[in-house]
J.: 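Structure incoming, see below.
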Amino acid sequence: MSTPSTLIVPPTGPLRGQVDVVGDKSISHRALFLAALAEGESQIYNLSPAQDVASTQVVLQALGAEIMGAEIAADKTSVRVRPGWRTPSGPLMCGNSGTTARTVMGALLAQGLGARLEGDASLSRRAMGPVVRALQGFGLRAELSQGHLPAHIVPGALRAAEVHIDNGSAQIKTACLLAALRAKGTSRITESRPARDHTERMLPVFGGHCTVTGSGVTVTGPQSLRGAELHIPGDVSAAAFVVVAASLIPGSDVTLRGVGLNPFRVAYLEVLRRMGAHIEITETGCMGDEPVGRVRVRAARLRGIEIPADWAPRLIDEYPILSVAAAFADGITEFRGAEALRDKECDRLAASAQNLRSAGVVVEAFADGLRITSGGIRQTALRLDGFGDHRMVMANAVLLMAREDQAEAGMVTTAEAMAISDPEFVSRFQSLGGLMSMAPVQPSVSVWT
């Protein structure tokens, strides 16, 4: 358990330099699951240090996998994975990780195993009904607590299936793909809104195969995977906070190296370009089947835009930080189609609206989005609520950094949540000239007389 902390953030001068970001969290989860399902040993380089990814490691180890880590460079982590599957001796503890909880359901079904899944308070509020309903087509039997964790997974008869995912969830799609790999026959997974495709891209690395069309994915099983070597690119969602900060803070010029450029993950860069950001993207190669490259950002005056609603599945992680960009842009920015933000670690639409209003920004909230009118950022000592949500904490930090030079230092609560996805957030900004720092929360003391 992380120590409760507050992030202290004064206004920051120009950000300058070249940096790396942590290994991609989404890709790291999938690499661990596929390595655990493969025959033989796998080597994974640059695995994300996020707490969420650590939750996947803990779950897979409880199911019998051997995962051995070794530092191979100053800031790169390598792990070896040897598969192994058994009925766990106790509950599988998924922590805060929705990806872990949803994906392991598909893996358990594929392996014919049962288990009880538990999560922390935040994860236990998030909906698990949609993934259970999708996997029921493949034979999953599961009991949920009013649609949430804890979940009791019962071994079921695996079968090929045709399922439709209507909420743009890559986690549900991945769970279904893991089941389909082991099922006898041809399975088809269709989507009303295409979601990120990391699993489909990664399958050939482990000797698997699938057919991707415009409306879905077809898998013929059963398939056997083989151990592989995989290098994970830098997390483009973690890069978003640096990109927005460098865009907003005058005089900034930052280059992010080795960043994943998956087409499903870079829509926020196009949004920022439409807002007037100065962003240069240079593709330098591939890691697995994932394009990677450099992203250079220089400060620019942004303007408000309307973000197309059908872009929502490709922006779902970046809306909190894009809302901060909108707060500083000239004019009005509006986005819709983002109702999925209400079922994250917190209600990110409500949280973004609350914090922006605290900072003096005019915000109109809808069931599925926000309309943000820039101007009037307060320069006083703001105290913004992180809501125990890693992306909200980091977005609030950028808001405080980007205020005018004479602004008083502000603070963000529940800053320890950053470790869920990016424990290097503070040190990365410090290396670029940022002045933020972490301070532990002092427990209150009662004095009796």
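The first residue in the sequence is number 1, and the count goes up from there.
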J.: Assess whether side chain to side chain contact (heavy atoms under 4.5 Å, CB included) is satisfied between Val163 and Phe138, documenting all intermediate values.
T.: CA-CA 9 Å; Val163 299; Phe138 291 93; 3.9 Å; yes
J.: For Arg30 and Ser26, indicate whether the former's side chain and the latter's backbone hold a donor-acceptor pair under 3.5 Å.
T.: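 Yes; judged by distance alone, with no hydrogens or angles, the pair exists.
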J.: Enumerate the salt bridge (Lys or Arg N to Asp or Glu O under 4.0 Å) contacts for residues 232-242, please, sequence neighbours excluded, ordered by first and then second residue.
T.: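 Applying salt bridge (Lys or Arg N to Asp or Glu O under 4.0 Å) to every pair that reaches into residues 232-242, excluding sequence neighbours, yields Asp235-Arg265.
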J.: Please tell me whether Thr190 and Ser215 have a donor and an acceptor in their side chains that are separated by less than 3.5 angstrom.
T.: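 No, no side-chain donor-acceptor pair sits under 3.5 Å.
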J.: What is the minimum heavy-atom distance between Tyr319 and Ala338, and which atoms define it?
T.: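 Nearest heavy atoms, Tyr319 then Ala338: CE1-CB, 3.5 Å.
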J.: If only atom types and distance count, is the side chain of Asp197 paired as donor or acceptor with the main-chain N or O of Glu200 below 3.5 Å?
T.: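 Flag not set: sc Asp197 to bb Glu200 has no pair under 3.5 Å.
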J.: Apply side chain to side chain contact (heavy atoms under 4.5 Å, CB included) to the pair Leu400 and Met436, showing each step before the final yes or no.
T.: CA-CA 10 Å; Leu400 293 173; Met436 66 179 72; over 6 Å; no
J.: Do you see a donor-acceptor pair shorter than 3.5 Å between the side chains of Ser78 and Gln43?
T.: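 Short answer, yes.
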J.: Salt-bridge test for Asp389 and Lys344: reply yes if a basic N is under 4.0 Å from a carboxylate O, no otherwise.
T.: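 Salt bridge between Asp389 and Lys344, a charged N being under 4.0 Å from a carboxylate O: no.
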J.: Quick one: CZ on Arg348 to CE on Met392, what's the gap to the nearest 0.5 Å?
T.: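 Arg348 atom CZ to Met392 atom CE measures 8.0 Å (nearest 0.5 Å).
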J.: Is any side-chain heavy atom of Met401 closer than 4.5 Å to one of Leu15?
T.: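 They are in contact (side-chain heavy atoms under 4.5 Å apart), so the answer is yes.
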J.: Would you confirm whether Ser28, through its side chain, and Ser48, through its main-chain N or O, come within 3.5 Å as a donor-acceptor pair?
T.: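 Side chain of Ser28 to backbone of Ser48, a donor-acceptor pair under 3.5 Å: yes, one is there.
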J.: What is the distance from atom OG1 of Thr413 to atom CG of Leu384, rounded to the nearest 0.5 Å?
T.: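 That separation rounds to 8.0 Å.
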J.: If every non-hydrogen atom of Pro263 is compared with every non-hydrogen atom of Arg314, which pair is closest and at what distance?
T.: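 The answer is O-NH1, 3.7 Å.
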J.: If you compare all heavy atoms of Ala439 against all heavy atoms of Ile8, which two are closest, and at what distance to 0.1 Å?
T.: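 The pair with the smallest heavy-atom distance is CB-CG1, 4.2 Å.
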J.: Heavy-atom distance under 4.5 Å between the side chains of Leu135 and Cys176, does that happen here?
T.: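 With C-beta onward as the side chain, the pair touches.
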J.: So, Ser187 side chain and Ala160 main chain: donor-acceptor pair closer than 3.5 Å or not?
T.: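 Flag not set: sc Ser187 to bb Ala160 has no pair under 3.5 Å.
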J.: Does anything in residues 257-288 form a ring-ring contact (aromatic ring centres under 6.0 Å, His included)? List the pairs, not counting sequence neighbours.
T.: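 Matches after skipping sequence neighbours: none remain.
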J.: Is a side-chain N or O of Arg102 found less than 3.5 angstrom from the main chain of Ala170, in a donor-acceptor match?
T.: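 No: the side chain of Arg102 does not pair with the backbone of Ala170.
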J.: Is there side-chain contact between Phe425 and His390, with at least one heavy-atom pair below 4.5 Å?
T.: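 Phe425 does not reach His390 side chain to side chain.
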J.: As a quick check of understanding, evaluate side chain to side chain contact (heavy atoms under 4.5 Å, CB included) for Ile321 and Met394, giving each step before the final call.
T.: CA-CA 8 Å; Ile321 189 59; Met394 294 185 287; over 6 Å; no
J.: Give the intermediate values and the outcome of side chain to side chain donor-acceptor pair (under 3.5 Å) for residues Gln171 and Thr103.
T.: CA-CA 6 Å; Gln171 295 174 9; Thr103 306; over 6 Å; no
J.: Within the distance-only criterion (no hydrogens, no angle test), does the side chain of Ser42 pair as donor or acceptor with the backbone N or O of Ala228 below 3.5 angstrom?
T.: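 Side chain of Ser42 to backbone of Ala228, a donor-acceptor pair under 3.5 Å: yes, one is there.
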J.: What is the minimum heavy-atom distance between Ala240 and Glu318, and which atoms define it?
T.: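 Heavy atoms only, the tightest pair is CB-CG, 4.0 Å.
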J.: Under 4.0 Å between a side-chain nitrogen and a carboxylate oxygen: does that hold for Asp368 and Arg342?
T.: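 Salt bridge flag = no for Arg342 with Asp368.
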J.: May I ask you to check whether His148 and Ser124 show a side-chain donor-acceptor distance below 3.5 Å?
T.: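 Side-chain D/A pair, His148 to Ser124: absent.
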J.: Begin with the C-alpha distance, continue with both residues' side-chain angles, and end with the deciding distance and a verdict on side chain to side chain contact (heavy atoms under 4.5 Å, CB included) for Arg273 and Ile281.
T.: CA-CA 11 Å; Arg273 278 175 160 172; Ile281 302 170; 3.9 Å; yes
J.: Counting C-beta onward and ignoring hydrogens, is there a side-chain heavy-atom pair between Leu60 and Trp85 closer than 4.5 Å?
T.: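 Side chain of Leu60 against side chain of Trp85, heavy atoms only: contact under 4.5 Å found.
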J.: How close do Ala195 and Ser169 get, heavy atom to heavy atom, and via which atoms?
T.: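 Heavy-atom minimum between the residues: CB-C, 3.9 Å.
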J.: Mind checking the CZ-CG spacing from Phe429 to Leu7? Nearest 0.5 Å is all I need.
T.: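 Between atom CZ of Phe429 and atom CG of Leu7 there are 10.0 Å.
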J.: Starting from the C-alpha separation in whole Å, work towards a yes-or-no answer on salt bridge (Lys or Arg N to Asp or Glu O under 4.0 Å) for Arg196 and Asp24.
T.: CA-CA 13 Å; Arg196 57 184 64 173; Asp24 190 279; 5.8 Å; no
J.: State whether Arg298 and Glu280 are salt-bridged, where the test is any N-O pair (Lys NZ or Arg NE/NH1/NH2 against Asp/Glu carboxylate O) under 4.0 Å.
T.: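 Salt bridge between Arg298 and Glu280, a charged N being under 4.0 Å from a carboxylate O: yes.
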J.: Distance check, rounded to the nearest 0.5 Å: Arg296 atom CZ versus Thr255 atom OG1?
T.: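 Going from CZ on Arg296 over to OG1 on Thr255, the span is 5.5 Å.
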J.: Within the supplied structure, the quantity of interest is the number of heavy atoms (other residues, nucleotides, ligands) at a distance under 6.0 Å from Arg294 CZ; does it exceed 12?
T.: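 Atom CZ in Arg294 is not packed in, count stays at 12 or less.
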J.: If only atom types and distance count, is the side chain of Ser97 paired as donor or acceptor with the main-chain N or O of Cys94 below 3.5 Å?
T.: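 Pair absent, no side-chain N/O of Ser97 close to backbone of Cys94.
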J.: To the nearest 0.5 Å, how far apart are CG in Leu47 and CD1 in Ile232?
T.: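 If we round to the nearest 0.5 Å, Leu47:CG and Ile232:CD1 are 5.0 Å apart.
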J.: I'd like to check Leu178 versus Val104 (side-chain heavy atoms, cut-off strictly below 4.5 Å). Are they in contact?
T.: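 Counting from C-beta outward, Leu178 and Val104 never come under 4.5 Å.
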J.: Under the 3.5 angstrom rule, does the side chain of Arg16 hit a backbone N or O of Gly251 as a donor-acceptor pair?
T.: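 Yes, because the side chain of Arg16 sits within donor-acceptor range (under 3.5 Å) of the backbone of Gly251.
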J.: Of all the heavy-atom pairs spanning Pro83 and Gly40, show the shortest one and how long it is.
T.: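 Scanning both residues, the minimum pair turns out to be CD-O, 3.2 Å.
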J.: May I ask you to decide if Glu66's main-chain N or O and Arg82's side chain share a donor-acceptor pair within less than 3.5 Å?
T.: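 A pair under 3.5 Å: no.
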J.: Roughly how far, to the nearest 0.5 Å, is the CD1 atom of Ile27 from the CE atom of Met202?
T.: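 Between Met202 CE and Ile27 CD1, I get 6.0 Å after rounding to 0.5 Å.
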J.: Does any N or O in the side chain of Thr282 come within less than 3.5 Å of the main-chain N or O of Gly293, such that one atom is a donor and the other an acceptor?
T.: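 No; zero donor-acceptor contacts below 3.5 Å.
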J.: Measure up the Tyr45 and His231 rings against each other and bin them: parallel (under 30°), tilted (30 to 60°), perpendicular (over 60°).
T.: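 Rings of Tyr45 and His231: parallel, as their planes differ by under 30°.
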J.: Between Ser247 and Phe328, is any pair of side-chain heavy atoms under 4.5 Å apart?
T.: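 Result no, sub-4.5 Å side-chain heavy-atom pair not found.
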J.: Does a side-chain heavy-atom distance below 4.5 Å link Leu181 with Phe206?
T.: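 Counting from C-beta outward, Leu181 and Phe206 never come under 4.5 Å.
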J.: With a 4.5 Å cut-off on side-chain heavy atoms, are Leu149 and Glu118 touching?
T.: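 No, every pair of side-chain atoms sits at 4.5 Å or beyond.
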